[in-house]
There are 4 protein chains.
Amino acid sequence: METDEATGHPTRGRPRSEKRKAAILAAAGDLMMEGGLKAATMEAIAARAGVGKATVYKWWPSRGAVALEGFMLRAADSWTLPENAPAEESLRVIAVAAVRLFTRSPAGPLMRALAADAQSDPEIAQALREQWLSPRRAVTAEVLREGMRRGELRADLDIPATIDLIFGPVYFRLLFGHEPLDEAFAERTVRQAMAGIGADGNSPVRAVAQTERSVQ
Amino acid sequence: METDEATGHPTRGRPRSEKRKAAILAAAGDLMMEGGLKAATMEAIAARAGVGKATVYKWWPSRGAVALEGFMLRAADSWTLPENAPAEESLRVIAVAAVRLFTRSPAGPLMRALAADAQSDPEIAQALREQWLSPRRAVTAEVLREGMRRGELRADLDIPATIDLIFGPVYFRLLFGHEPLDEAFAERTVRQAMAGIGADGNSPVRAVAQTERSVQ
Amino acid sequence: METDEATGHPTRGRPRSEKRKAAILAAAGDLMMEGGLKAATMEAIAARAGVGKATVYKWWPSRGAVALEGFMLRAADSWTLPENAPAEESLRVIAVAAVRLFTRSPAGPLMRALAADAQSDPEIAQALREQWLSPRRAVTAEVLREGMRRGELRADLDIPATIDLIFGPVYFRLLFGHEPLDEAFAERTVRQAMAGIGADGNSPVRAVAQTERSVQ
Amino acid sequence: METDEATGHPTRGRPRSEKRKAAILAAAGDLMMEGGLKAATMEAIAARAGVGKATVYKWWPSRGAVALEGFMLRAADSWTLPENAPAEESLRVIAVAAVRLFTRSPAGPLMRALAADAQSDPEIAQALREQWLSPRRAVTAEVLREGMRRGELRADLDIPATIDLIFGPVYFRLLFGHEPLDEAFAERTVRQAMAGIGADGNSPVRAVAQTERSVQ
DNA sequence: AGCTAATCGAGACGGTACGTCCTGTCTTATC
DNA sequence: GATAAGACAGGACGTACCGTCTCGATTAGCT
C-alpha cells in the first residue's frame, strides 16, 4: 500500500512518477550546461524531458527551483574530512573539494545559473543559502572551532568572516572568471589565509593589528 | 560646429542628444535598484527615459551594456590611497571603499544585476572584467608589490590569489547575502588576511606550510 | 444479486451508480446555466458532481453528450396535444410549449449550449437532430397531415418547410436574441403562418404564386 | 502625411499594416472553413497569417471578433432589391440571397462558427446582431412597410415577427442541418408565408384568427 | 532660406517564453 | 469491476518583452 512519506496517510490518486522527476531534473541540468542559463527555459526543460509544462510547474515554482534541485542532485560532493587532521589540512580538503566540484562536474555552470537567478529571486537566494551554503558553512565552522580549541588557529577568529576568507575567493573566480579556478588556487588560498600575507610576526603591521585586536 | 570626436570630420545631421543618454542611464539605474534585475527591461528603460526603444538599441547592444554604463556612472568611487601608508592600511582602504560603494550607493544592486547578467552573457562578463575589475585589481596589485618591496608583505605572494583573498569575501557576501556586508567585515577580512588565521608563527602548521612552499 | 438489465446475467464487480449519473447530469446542467457554455468544462462537471473525470468519460464521449442527456432530462416537456382540435390550435400549442420550455426552464440555456457545440461536433449535431428535433418534427408533421386531410390546411404543403416555418422563428430568436422570445411571439408566428402575410386571397401576388405552384 | 481616419490628427508611430490585417482575416476564414470552428485557434490563425499572436490580439479582442470581421469581408453579399417589385418578389430575393450566401460562399461555415461563439460570448452576440442582423432586418422591414402601404401585405403585420418568419427557417436549417438548405426552400418559405398555410380564406380557422386579431 | 541627413518619439511587427487552464488518458488504492 | 483521486502529455490561452522595422517630427550643418 502506498503511503505518503510525510504524513503516513495512505496516498490517494496516481502517485507521482519518480521517473519524470528525474527526467525533468536531468533535462534542466543538461540545458543549463549546454546553453547556459538562457537555454534552460521552462518550455525547453519540459520538452526535453518529454513532459508537459504543467507537470513541471506542479512540483517546482520556478526555473530556479528546478535548477537548485538539479544542482543538489549533481553536486552530491562526497568529500570526507580527514579524521584528527590539522585544521589547515581540513580547510584545504574543503576548498579543494569545492573547486573540484565546480570544475569537474556539471555543478559549476549550475551554480553560476543559480547565483544569477538568486539576484532577482529572493526565494532562490534563500534556498541557496539554506540548502547549499549553510551546511557547508556549518562543517567549516566546526573545523575552525576545533582548530581554535587545539591551538592551531587564533583564539579570536571571527568565524563567519574566516569562512568567507576561504570560500569567497573560490566563488569570486567562479562567477567572474577573471582568473582560472583550479585546485592549486584553492590550496594557495588556504595556505595564505593560514599563514597570513604579512611578513613574519615581527612586522610592525602585525604588531598594530595585534594591538588593536587586544583592545577590542 | 559639431565635429565627430573620433575622426574630427564635421558631422552631418542631428547630433546625438547627451540629455537622452543621461536620461537612459538614469532610468536604467533607477529601475534596477527599484525592482531588481527583472524590472529593468529595455521597454521599461525606454519608457521611463521618455525615449524610443530604438534609441536605446542605437547606442547600446543589450540591457547589460546599459546597466554596465549606468553602473560605472554611479560607481564613481573616489577613494584615494593614502600616500606612503603601510600596505595593510592601503588594503583596508581599498576593501572598505568597495563595501562602502556597494552598501551606500546604488552600485550594490547594480553590481548584483550585472553579475547575474554576466553569467549568461559573455560580453557583459568580459566588459565587467575589463572595465570594472581590471583597474581595481591593477591598483591593488601595485599596493601588494610595493608592500613586498618594502618588506611588509611576504616576498612569495601569489598576487592574483592575494587580490581575490581581499575582494572575494566582499563579492561573496554581496551576491549571496548570507552574512551582512559592512565596513567592519571588510576590515576584519584584511586584518585576518594580513596576520593569518593560524596561531602565532611558531606553530607546526605554519612550519609545514613554509616547508611545502619552499619545496615548490 | 445484481443482474444485468440486458442479458440477465449476473454482473461482476461494482454496479454502476445511478446516483452518480444523476449527479453528473445535474452538475452539467447547473454549470451550463450558470456560466454558459464556457463554464461547463468536463473538469468542472466532475468536480461539482464529486466524481472522477474518468467516470464521466466512461459513460459519455464528450461534454456535448453529457449536455444533451442533461438537457433531455430537464426538457421533459409534457405538452399534450388537444384531441380533435383544429390544426391551428395544435400548432399553437406546439409552438407555445417550445417557447415555454426555453424561457421557463433550464432548457433554454442548455439548448443554446448544445446548438453551439453542434456547430463543431457532428456527433452532437446528429444526436440533437435525432433525439430532439426528430420526435417533435414527427408530431408536428402528423398535425399538418391531419389538418390537410381535414381541409383546414392547404393540400399542397411542403411539410418539412412548413415545420421550419413554425419552429425556425423560435430557434432563431433563442439563438440570436435579437428580439424577445415569448409566448405572444409564438402565437403570432403561428397565426401569421396560417393566414399568410399577404393581403386577402384575391391579391395578384397570390394568384401568381398559385400559378407557379400548379406548374411544378 | 499619414492621418488618422477617425480624428484627422496626424498619426504617430508606424502605421498599421493593411496587408497583415487582410492576411489575418483570410487565415481566420480559411481555417474556419477547413476545420470548422475548432481549427481556428488564435494560435493557428496567427501562424497561418505569418503574424505574431500579439498582433492579432492588438486589433481584435477574441477569435469571435476576428471571425466576425472575416465573415463580413467574405459576406459582401451584393443583392440588389428590384425596383418597384411586388413585396413577395422582394422578400424572395432577400431570402434567396441569404441562402445563396450561406451555401455558395465561405459565409455559411463562418456564420455557424459565429453563431456558436455568440452563445457564450455576449460581445460576439451583440456584434452579430448589430453588424449583421440589424441592417438586413432594416431593409426587410422597409420592404414590408412598403408592401403594407401598397396593400399587398396585411395592414396589421407584426413586422419583427414577420421578418423572423422569413429568416428564421433559413438560419434554423443552417444551424441544425436537419433538412437541406437550398434556394427552393427559401422560395417555398416566402411563398407559404405570403399565402398562408391555411386553406383558402373561408376556413373556420382563419375566421377565428381574424376575429382574435380584430379584438386586439 | 532651403536642403540634406541623422536622431528622435512612437509604436507596429514577428517572435519566444511565460504561467494557467482544460482535455482525454493513465495509474493508483478503495469500495 | 466501478469508483475518487489525481498525475500526466499535450496544446491553446492571453500577456510581456524582445529586437527590428517604419513612420512623421525635429534639429543640426551645409549650400
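By convention in this document, chain letters (A, B, ...) are assigned in the order of the sequence lines, proteins followed by strands, and residues within each chain are numbered from 1.
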Within 45° cone of Trp60(D) ring axis and under 6.0 Å: Arg16(D) NZ or CZ =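 Yes, a cation-pi geometry holds between Arg16(D) and Trp60(D).
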
request  = May I ask you to check if Arg74(C) and Trp132(C) form a cation-pi contact, with NZ or CZ under 6.0 angstrom from the six-membered ring centre and within 45° of the axis?
outcome  = no

How long is the line joining [atom1] of [X] and [atom2] of [N], in whole Å?
X: Leu37(B); N: dC17(F); atom1: CG; atom2: P; answer: 13 Å
X: Glu43(A); N: dT15(F); atom1: CD; atom2: P; answer: 17 Å
X: Asp117(B); N: dC18(F); atom1: CG; atom2: P; answer: 11 Å
X: Glu18(C); N: dA2(F); atom1: CD; atom2: P; answer: 13 Å
X: Ile45(B); N: dA10(E); atom1: CD1; atom2: P; answer: 16 Å
X: Lys19(B); N: dT7(E); atom1: NZ; atom2: P; answer: 17 Å
X: Arg20(B); N: dA25(F); atom1: CZ; atom2: C1'; answer: 11 Å
X: Lys21(B); N: dT7(E); atom1: NZ; atom2: C1'; answer: 15 Å

inquiry  = Go nucleotide by nucleotide along DNA chain F from the 5' end; which of Ala49(C) and Ser62(B) gets its closest nucleotide reached first?
reply    = Ala49(C)

Residue met sooner reading DNA chain F from 5', once Lys53(C) and Tyr57(D) are mapped to nucleotides = Lys53(C)

For [N], does either OP1 or OP2 sit under 4.0 Å from a side-chain N or O belonging to [X]?
X: Thr55(C); N: dA4(F); value: yes
X: Arg16(A); N: dT27(E); value: no
X: Lys58(C); N: dT3(F); value: no
X: Arg63(D); N: dG14(F); value: no
X: Arg14(D); N: dG11(E); value: no
X: Trp59(D); N: dG11(E); value: no

request  = Tell me which of Ala54(B) and Met42(A) sits closer to the 5' end of DNA chain E, going by the nucleotide each one is nearest to.
outcome  =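 The residue whose closest nucleotide sits nearer the 5' end is Ala54(B).
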
Heavy-atom closest pair, residues Ala28(B) and Ala40(B) = O-CB, 4.4 Å

ask   = Under the side-chain contact (heavy atoms from CB on, under 4.5 Å) criterion, do Val56(A) and Val66(A) qualify, and how do the steps go?
value = CA-CA 8 Å; Val56(A) 185; Val66(A) 184; 4.1 Å; yes

Among [options], the nucleotide that comes nearest once only the side chain of [X] is considered:
X: Ser17(D); options: dA17(E), dC8(F), dC13(E); result: dC13(E)
X: Thr41(C); options: dT23(E), dA17(E), dA9(F); result: dT23(E)
X: Arg12(A); options: dG14(E), dA5(F), dA4(F); result: dA5(F)

message = Check this for me: does any side-chain nitrogen of one of Glu34(D) and Arg48(D) sit under 4.0 Å from a carboxylate oxygen of the other?
response =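 Yes, charged N to carboxylate O under 4.0 Å.
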
